[in-house]
Amino acid sequence: MTIRVLLADDQALLRGTFRMLFDATDDMETVAEASNGREAVELAGSQRPDVVLMDIRMPEMDGIEATQLISESEDLAGVKVLILTTFEDDEHVAEALRAGASGFLGKGARPEELLDAVRTVADGEALLSPSATRALITRFLSQPDPCPVAVHERLEGLTPRERDVTSLVALGLTNDEIAKRLFVSPLTSKTHINRAMTKLAVRDRAQLVVIAYQCGLVSPASGRSHPQVSA
């Protein structure tokens with residue numbers, strides 16, 4: 001399957017570089033380019049890419065607002081946003097994830113890291129660089145947000161195993177690692193994660209991370225999940 005990518009960056013040189021990279025890759029193609037957030041939203045609607053590679057700081061509309069508009073559109077439910085920026089500070093990471101971004105990667109990433117990131121996000125997984133992960137935890141440590149009432153009620157509907165996998169996703173474990181921790185198959189692990197996502201009404205694993213920290217399933221101070229993981 002060819003991954004269709006929309007490039008959103010106000011620097012034409014960077015867009016051209018990314019286009020050459022993606023178009024030279026067998027499983028990817030660039031479907032359109034946007035120079036600002038407003039264009040990114042419009043092109044996401046007309047082109048329906050699999051992944052939008054989104055810069056944060058752009059004229060007319062920034063990448064955070066554009067990401068939110070894309071993620072809130074029911075017609076664009078299959079479109080994933082990967083934030084690529086030089087600003088991996090805690091506030092930008094938290095805002096991007098709340099807006100619905102599926103991943104966050106610094107512009108200093110190597111080409112092969114960027115390609116892997118696009119594949120990861122296109123496959124429905126969450127992607128956070130190590131510095132972005134640290135920034136996210138720092139953000140929740142310094143300014144914890146209350147768990148929304150609606151989300152808290154949905155959490156009550158999770159089974160113990162679904163709460164376990166949500167906590168483990170927030171700790172950065174892959175499907176295979178979660179499967180080993182819970183003594184189940186990777187497919188079973190993924191099934192539990194997908195059911196938790198459905199019950200919590202989130203688009204992808206990145207949003208599970210936000211909810212886990214925001215609602216206390218995982219303690220950012222200890223780096224451990226609160227519930228006891230059952231075998």
Side-chain angles (χ1 to χ4, degrees), residues 1-35 37 39-56 58 63 66-67 70-71 73-86 88 96-97 99-133 169 172-179 185-191 193-194 197-198 202-209:
M1 183 186 70
T2 300
I3 301 172
R4 305 173 74 252
V5 183
L6 166 62
L7 305 176
D9 196 297
D10 61 339
Q11 299 184 45
L13 180 60
L14 276 180
R15 295 199 309 272
T17 301
F18 292 147
R19 176 182 280 274
M20 287 190 293
L21 175 64
F22 293 134
D23 292 351
T25 304
D26 291 340
D27 61 340
M28 297 182 192
E29 66 172 335
T30 304
V31 296
E33 297 181 24
S35 60
E39 287 182 1
V41 175
E42 293 173 354
L43 288 170
S46 63
Q47 299 296 322
R48 303 297 174 89
D50 298 303
V51 177
V52 180
L53 189 63
M54 184 85 73
D55 188 23
I56 287 183
M58 293 186 290
T67 297
I70 291 172
S71 66
S73 172
E74 294 183 1
D75 293 335
L76 301 179
V79 178
K80 308 296 184 181
V81 177
L82 172 61
I83 300 290
L84 185 69
T85 183
T86 55
E88 287 187 277
L97 290 178
S102 297
F104 202 105
L105 195 65
K107 284 188 175 178
R110 297 188 303 273
E112 58 270 23
E113 290 177 324
L114 175 58
L115 294 175
D116 286 342
V118 171
R119 294 186 184 101
T120 296
V121 170
D123 196 39
E125 303 287 341
L127 189 285
L128 288 173
S129 64
S131 57
T133 301
V169 165
L173 274 65
T174 65
N175 285 353
D176 288 346
E177 291 169 336
I178 292 173
S185 70
L187 179 59
T188 299
S189 169
K190 186 173 183 178
T191 298
I193 293 169
N194 288 339
M197 288 169 52
T198 299
V202 298
R203 290 166 56 96
D204 51 39
R205 293 166 72 114
Q207 303 306 301
L208 281 184
V209 174

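In this structure, the side chains of V118 and F22 come closer than 4.5 Å at one or more pairs of heavy atoms. A 4.5 Å side-chain heavy-atom check between V5 and V31 finds every atom pair outside the cut-off. Considering only heavy atoms from C-beta on, K107 comes within 4.5 Å of D9 through its side chain. Looking only at side-chain heavy atoms (C-beta outward), I56 and F104 come within less than 4.5 Å of each other.
The distance from atom CG of L43 to atom CG of L7, rounded to the nearest 0.5 Å, is 10.5 Å. To the nearest 0.5 Å, the span separating CG on D123 from CE on M1 amounts to 7.5 Å. Taken from CG in L21 to CD in E112, the straight-line distance is 9.5 Å, to the nearest 0.5 Å. Rounded to the nearest 0.5 Å, atoms CG (L6) and CD (E39) are 10.0 Å apart.
Scanning all heavy atoms of the two residues, the minimum distance from T67 to A101 falls at CG2-N, 3.6 Å. Here the shortest heavy-atom pairing between L76 and A44 reads CD2-O, 3.4 Å. Of all non-hydrogen atoms in A34 and A40, the two that sit nearest each other are CB-N, 3.5 Å.
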Table please: side-chain donor-acceptor pairs of residues 47-54 below 3.5 Å, with sequence neighbours left out.
unit_1, atom_1, unit_2, atom_2, d
R48, NE, G45, O, 3.0
R48, NH1, D75, O, 3.2
D50, OD2, R4, N, 2.7

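In terms of modelled atom types and a separation under 3.5 Å, the side chain of R15 and the main chain of E33 share no donor-acceptor contact.
A salt bridge is defined here as a Lys NZ or Arg NE, NH1 or NH2 lying under 4.0 Å from an Asp or Glu carboxylate O, and D176 with K190 fails to meet this definition.
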side-chain contact (heavy atoms from CB on, under 4.5 Å) between S102 and V81, worked out: CA-CA 6 Å; S102 297; V81 177; 5.8 Å; no

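Checked by atom type, the side-chain pair T188/S185 shows a donor-acceptor distance below 3.5 Å.
Test L14, D10, L84, I83 against D55 for side chain to side chain contact (heavy atoms under 4.5 Å, CB included) and you get one pass: D10.
Legend: residues meeting side chain to side chain contact (heavy atoms under 4.5 Å, CB included) with T25, ordered by chain and number and at least two apart, are D27, M28, L115, R119.
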